Amino acid sequence: MRGARIEFRGVSRHYGHVVALHETDLTIEPGEFFALLGPSGSGKSTLLGAVTGFTPPSSGQVLINGKNVTDVPPYRRNIGMVFQNYALFPFMTVFQNVAFPLQTRKMPKAEIKQRVERSLAMVRLSDMAGRLPRQLSGGQQQRIALARASVYDPPVLLMDEPLGALDKNLREELQDEIRQFHRDVGATIIYVTHDQAEAAALADRVAILRAGRLEQIGTPRGLYENPRNGFVAGFLGEANRFAVDRITDEPGGVRLATREGLTLAAARGTAGEAIVCVRPERIAIGEAADGHANSFQGTVIDAVFSAGSVRYRVDVAGCTLLVRAGSDRTRNAFDAGAPVHVGWDRDDALVLPA
Ligand SMILES: Nc1ncnc2c1ncn2[C@@H]1O[C@H](COP(=O)(O)OP(=O)(O)OP(=O)(O)O)[C@@H](O)[C@H]1O
Ligand SMILES: [Mg+2]
């Protein structure tokens, strides 16, 4: 099966005076894994609803593989869906649940059996075909929902916070499975989440939504390294952000005065109201901090260990800086209260429109 191309042309959605989605143009490529990321109420589900047909747009068109489906009813769009609480039918076995979409399509019995078995194998639950949903864990139920949504080979799969109800470990485990599943089925996936780490882990491209508008679209890495503005920078990953009071040119770049009273060097400025953003892992600490264009003496407020790295909060002239450093037994071991040197390059001080 091949994934379908999905096009939004001037799609908007209004509820009375509320604009849930401003006019939006967007093309999602065949077989792409596309994530919609944004705060609550930013229009993620509304955008999906335009594809399913359950919340038809107030203006514009939705095209699937070049065909205008804007007026096609939801049940005729051949789209698979997995939602946070997409309940399985409680009195049907796992097999019957997954077979259901095929039975409604009046497929011959032998083919149904073959397809259900293939789908269950794909989510690695072949040995649970005879169970009822309540005899499965939350993660297993969600995998069955995945199998049921994809058993008839839809070219488009929509997922709205499918892992939202699961705990962190299970979520990460299922992320790996969903990625593998996407490679196996080849469908175009639109995946809604407000967990930026999940979007970055899964998607080829991510769209950041804010208040019904697409703020920026890009690869997870592209968005992280080249955010268009402070909102995107703050939404994808951690960032030290400071309001900029004044920018002056100097040899090699610009000099910034932040509202908090720091003076920083950056490669380039921007017109209008600005913020400066420095990623925690771009800041060197200890001996490694010597020789950078930005160089400060500070005091460690606290240090938190997590797998493979240490996250420090460092007080620099009354400002709190987040610093993330690789950890090993000998390097980067600073305790609370320790005086430290921190530093970063001009290129790592991103000056962005506020
Ligand atoms: N039936 C409705 N009537 C009025 N306003 C609505 C309706 N459905 C959604 N909205 C509004 O449209 C906006 C976008 O809603 P949407 O459900 O798309 O957000 P979302 O990004 O999916 O949020 P969440 O992360 O909370 O699910 C919100 O401001 C919401 O209040
Ligand atoms: Mg939603």
Side-chain angles (χ1 to χ4, degrees), residues 6-28 32-64 69-71 73-74 77 79-87 138 141-142 145-146 149 156-168 170-172 174-175 178 188-218 220 223 227-237:
I6 303 164
E7 288 169 82
F8 299 84
R9 292 192 187 159
V11 170
S12 76
R13 172 77 199 196
H14 301 242
Y15 294 100
H17 295 301
V18 178
V19 184
L21 188 69
H22 294 271
E23 276 194 21
T24 298
D25 293 298
L26 171 66
T27 300
I28 299 172
E32 190 172 12
F33 198 129
F34 194 90
L36 297 174
L37 182 63
S40 188
S42 57
K44 304 181 297 293
S45 296
T46 304
L47 200 54
L48 276 198
V51 183
T52 61
F54 287 118
T55 50
S58 311
S59 74
Q61 297 181 339
V62 177
L63 288 80
I64 298 181
V69 298
T70 317
D71 298 319
R77 293 194 185 192
I79 288 169
M81 284 174 265
V82 184
F83 296 131
Q84 181 172 332
N85 297 308
Y86 203 137
Q141 289 185 38
Q142 211 48 318
L146 215 57
V156 177
L157 273 169
L158 305 180
M159 305 193 194
D160 199 342
E161 300 265 4
L163 309 182
L166 307 175
D167 69 45
K168 187 168 175 293
L170 195 51
R171 244 174 26 224
E172 284 171 4
L174 280 173
Q175 284 168 17
I178 288 177
T188 305
I189 293 182
I190 309 182
Y191 190 103
V192 168
T193 177
H194 49 240
D195 177 345
Q196 52 95 11
E198 185 161 298
L202 288 170
D204 299 312
R205 280 194 303 162
V206 179
I208 310 263
L209 271 107
R210 168 159 69 161
R213 289 182 208 279
L214 290 178
E215 198 75 8
Q216 192 173 356
I217 301 172
L223 292 180
R228 229 180 75 182
N229 54 33
F231 178 80
V232 175
F235 212 80
L236 218 72

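In what follows, residues are counted from 1 in the order of the sequence shown. When a ligand or atom number is given, it counts from 1 through the structure's own listing order. For clarity, every value in this text was computed on a predicted model and none was experimentally measured. Atoms considered below: every heavy atom in the structure, side chains included; atoms not considered: hydrogens, waters and symmetry mates.
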> Is there a side chain to side chain contact (heavy atoms under 4.5 Å, CB included) between I79 and I64 once you walk through the steps?
CA-CA 10 Å; I79 288 169; I64 298 181; 3.9 Å; yes

> Between R228 and E215, is there a donor-acceptor pair closer than 3.5 Å when you use the side chain of the first and the backbone of the second?
yes

> Within the structure, does at least one protein heavy atom fall under 4.0 Å of atom 30 (C) of ligand 1?
no

> Any N/O/S atom of S45 sitting less than 2.8 Å from the Mg ion (ligand 2), backbone or side chain?
yes

> Find all atoms of ligand 1 within a distance of less than 4.0 Å from any non-hydrogen atom belonging to P39, and give their numbers and elements.
21 (O)

> More than 12 foreign heavy atoms under 6.0 Å from NE2 of H194: is that the case here?
no

> If we ignore angles and hydrogens, is there a donor and acceptor under 3.5 Å between the side chains of S12 and S59?
yes

> Closest non-hydrogen protein atom to atom 25 (O) of ligand 1, residue and atom name please, with distance?
K44 NZ, 2.8 Å

> Apply side chain to side chain contact (heavy atoms under 4.5 Å, CB included) to F235 and L223, showing your working.
CA-CA 10 Å; F235 212 80; L223 292 180; over 6 Å; no

> Considering only heavy atoms of T46, which atoms of ligand 1 have at least one such atom less than 4.0 Å away?
14 (C), 15 (O), 16 (P), 18 (O)

> Just do the side chain to side chain contact (heavy atoms under 4.5 Å, CB included) check on I208 and Q196 with the steps written out, would you?
CA-CA 10 Å; I208 310 263; Q196 52 95 11; over 6 Å; no

> When you measure from atom 3 (N) of ligand 1 to the protein, is at least one non-hydrogen atom found at a distance under 4.0 Å?
yes

> So, R210 side chain and S42 main chain: donor-acceptor pair closer than 3.5 Å or not?
no

> Among S42, S40, G164, S45, which one has a heavy atom closest to atom 22 (O) of ligand 1?
S45

> Ignoring angles and geometry beyond distance, decide whether E161 reaches within less than 3.5 Å of ligand 1 through its nitrogen or oxygen atoms.
no

> How close does the nearest protein non-hydrogen atom get to atom 9 (C) of ligand 1, and which residue and atom is it?
Y15 CE1, 3.5 Å

> Which option out of G41, A20, A211, G38 puts a heavy atom nearest to atom 20 (P) of ligand 1?
G41

> Just wondering, more than 12 heavy atoms not from R77 lying within 6.0 Å of its CZ?
yes

> With heavy-atom distances below 4.0 Å as the criterion, list the atoms of ligand 1 near H194.
25 (O)

> What do you reckon, does G212 put a non-hydrogen atom under 4.0 Å from ligand 1?
no

